[in-house]
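Structure first, commentary second.
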Amino acid sequence: MRKTKGFTFRTIFPSSPKPSLTRPRSFKAYSFVPFSPLAMLDPTILTIGGIVLGIAIIERILERWGVIDLVDQFAKVMRFILPVTFYGALFYFFATFMF
């Protein structure tokens with residue numbers, strides 16, 4: 001019968017002093033997204049603005065022609081459309097270009 005010699009973990013892998021891991025210091029990083037006025041040249045924003053501007057011009061022309069009843073109807077519609085369009089376009093602008 002043959003006798004085998006046993007090995008321990010310490011004899012195979014001697015414990016040697018390892019250099020301590022140097023970790024980089026943490027730092028705060030801030031990001032800045034510059035605002036570009038050229039972003040307002042988006043076709044969707046220009047289309048919405050053009051439609052609203054066109055309705056306002058039509059309202060002025062009808063007022064000069066003396067069609068006051070139709071101008072009043074336009075004014076009632078515009079009181080609702082202008083705020084909805086403005087806030088919708090503002091939301092679209094920030095959702096598309098800022099994020």
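Just so it is clear, the structure is predicted and the values come from calculations on it, not from any experiment. Nothing fancy with the numbering, it's 1 onward along the sequence.
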(message) Q73: which residues meet the side-chain contact (heavy atoms from CB on, under 4.5 Å) condition with it, sequence neighbours left out?
(response) K76

(message) So, taking the atom named OG1 in T85 and the one named CG in L90, what distance separates them when rounded to the nearest 0.5 Å?
(response) 12.0 Å

(message) For residues F86 and F94: do they belong to one hydrophobic cluster (side chain heavy atoms under 4.5 Å, members Ile, Leu, Val, Met, Phe, Trp, Tyr)?
(response) yes

(message) Hydrophobic clustering (ILVMFWY, side-chain heavy atoms < 4.5 Å, transitive) - are M78 and L70 grouped together?
(response) yes

(request) Indicate if V84 and Y92 have the same hydrophobic cluster label, given that clusters are the connected sets of ILVMFWY residues with side-chain heavy-atom separations under 4.5 angstrom. (result) no

(message) Quick check for you: to the nearest 0.5 Å, what is the distance between F74 atom CZ and I61 atom CD1?
(response) 10.0 Å

(message) Can you tell me how far apart CD1 (I55) and CG (L82) are? Round to the nearest 0.5 Å.
(response) 8.0 Å

(request) Group every Ile, Leu, Val, Met, Phe, Trp and Tyr by side-chain heavy-atom contacts under 4.5 Å, then state whether I51 and F80 land in the same group. (result) no

(request) Working to the nearest 0.5 Å, report the span between CD1 of I48 and CD1 of I81. (result) 12.0 Å

(request) Measure the spacing between CG of L53 and CD1 of I58 and express it to the nearest 0.5 Å. (result) 10.0 Å

